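Step one of this worksheet: look at the structure below.
From a predicted model like this one, the values you see are computed outputs, not experimental measurements.
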Amino acid sequence: MSKEQQLVTLALDGRALCVDVATVQDVIKLDAVTPVPRAQDWIAGVMNLRGHIVTAIDMRRRLGLAAAEEGARQMCVVVQLRGDAFALIVDSVGEVIGASADEREPDPPTLPPAWRSISRGVVRRADELLLEIDPGALIDTATAKAA
């Protein structure tokens, strides 16, 4: 019997995503974000998370998607990478699921390059296909730290 990996499910622009729970520090509602001058356009700014400054990443902008509707209630998945915290702004956060090796597959050939560059593959569930994102590939730490 293979060991299951625990994943947090997310939604972004109608797409089902997931991220390894081992990298997740927190899940919070999107709150005040302070813009950072001259930062990459996909860096929404910085947030205060219980006294710690966290760089907020606009996942829609990072992946070339349309902006969220005005007034949309977005969520943040705070991940730890190389000792720094980053808030990934997504449309919603679901639940923690287990994924066995049997449920994992490589990226589909039709996956656009922007998505392929941040993917660890897909997890096939009975009723959906989830793209597992790699936060390390998503964030260029040197660029984000400059924020």
If hydrophobic clusters are built from ILVMFWY residues whose side chains come within less than 4.5 Å, do [X] and [Y] share one?
{"X": "Val123", "Y": "Trp115", "result": "no"}
{"X": "Trp42", "Y": "Ile118", "result": "yes"}
{"X": "Leu17", "Y": "Leu30", "result": "no"}
{"X": "Leu130", "Y": "Val21", "result": "no"}
{"X": "Ile57", "Y": "Ile28", "result": "no"}

Assess whether a salt bridge exists between [X] and [Y], defined as any Lys/Arg side-chain N lying under 4.0 Å from an Asp/Glu carboxylate O.
{"X": "Glu103", "Y": "Arg124", "value": "no"}
{"X": "Arg60", "Y": "Asp91", "value": "yes"}
{"X": "Asp26", "Y": "Arg50", "value": "yes"}
{"X": "Asp13", "Y": "Arg15", "value": "yes"}

Between [X] and [Y], what is the shortest heavy-atom contact and its length?
{"X": "Pro135", "Y": "Val79", "answer": "CB-CG2, 4.1 Å"}
{"X": "Ile89", "Y": "Ala56", "answer": "CD1-CB, 4.0 Å"}
{"X": "Pro108", "Y": "Val122", "answer": "CD-CG1, 3.9 Å"}

Using side-chain heavy atoms (C-beta onward) and a distance below 4.5 Å, is [X] in contact with [Y]?
{"X": "Arg62", "Y": "Ile43", "result": "no"}
{"X": "Val46", "Y": "Val54", "result": "no"}
{"X": "Val96", "Y": "Leu7", "result": "no"}
{"X": "Ser119", "Y": "Asp134", "result": "no"}
{"X": "Arg125", "Y": "Ile97", "result": "yes"}
{"X": "Thr23", "Y": "Val19", "result": "yes"}
{"X": "Leu81", "Y": "Ile139", "result": "yes"}

Exercise for the section: For the pair Ile53 and Met47, evaluate side chain to side chain contact (heavy atoms under 4.5 Å, CB included) and give the outcome as yes or no after the intermediate values. Expected result: CA-CA 6 Å; Ile53 300 301; Met47 302 169 54; over 6 Å; no
Do the side-chain N and O atoms of Arg104 and Gln5 include a donor-acceptor pair separated by under 3.5 angstrom? yes
Side-chain donor-acceptor contact under 3.5 Å, Gln6 with Asp20:
no
When rounded to the nearest 0.5 angstrom, what is the spacing between [atom1] in [X] and [atom2] in [Y]?
{"X": "Cys18", "Y": "Leu131", "atom1": "SG", "atom2": "CG", "result": "7.0 Å"}
{"X": "Leu10", "Y": "Cys76", "atom1": "CG", "atom2": "SG", "result": "11.5 Å"}
{"X": "Met75", "Y": "Ser92", "atom1": "CE", "atom2": "OG", "result": "8.5 Å"}
{"X": "Glu105", "Y": "Glu132", "atom1": "CD", "atom2": "CD", "result": "13.0 Å"}

- Message: side chain to side chain contact (heavy atoms under 4.5 Å, CB included) for Val77 and Val93? Distances and angles first, verdict last.
- Response: CA-CA 8 Å; Val77 175; Val93 178; 3.6 Å; yes
* To do: Check for a donor-acceptor pair, side chain of Arg116 on one end and backbone N or O of Pro109 on the other, with a separation under 3.5 Å.
  => yes
Notebook entry, point to check: Between Thr9 and Glu95, is there a donor-acceptor pair closer than 3.5 Å when you use the side chain of the first and the backbone of the second?
Noted result: yes
With sequence neighbours left out, the residues meeting salt bridge (Lys or Arg N to Asp or Glu O under 4.0 Å) with Asp31 are none
- Heavy atoms from other residues, nucleotides or ligands near CD of Glu128 exceed 12 (cutoff 6.0 Å): yes
By side chain to side chain contact (heavy atoms under 4.5 Å, CB included), Gln25 pairs with (sequence neighbours left out) Leu49, Val78, Gln80, Ala85
Sorted by chain and number, sequence neighbours left out, side chain to side chain donor-acceptor pair (under 3.5 Å) with Asp58 holds for none
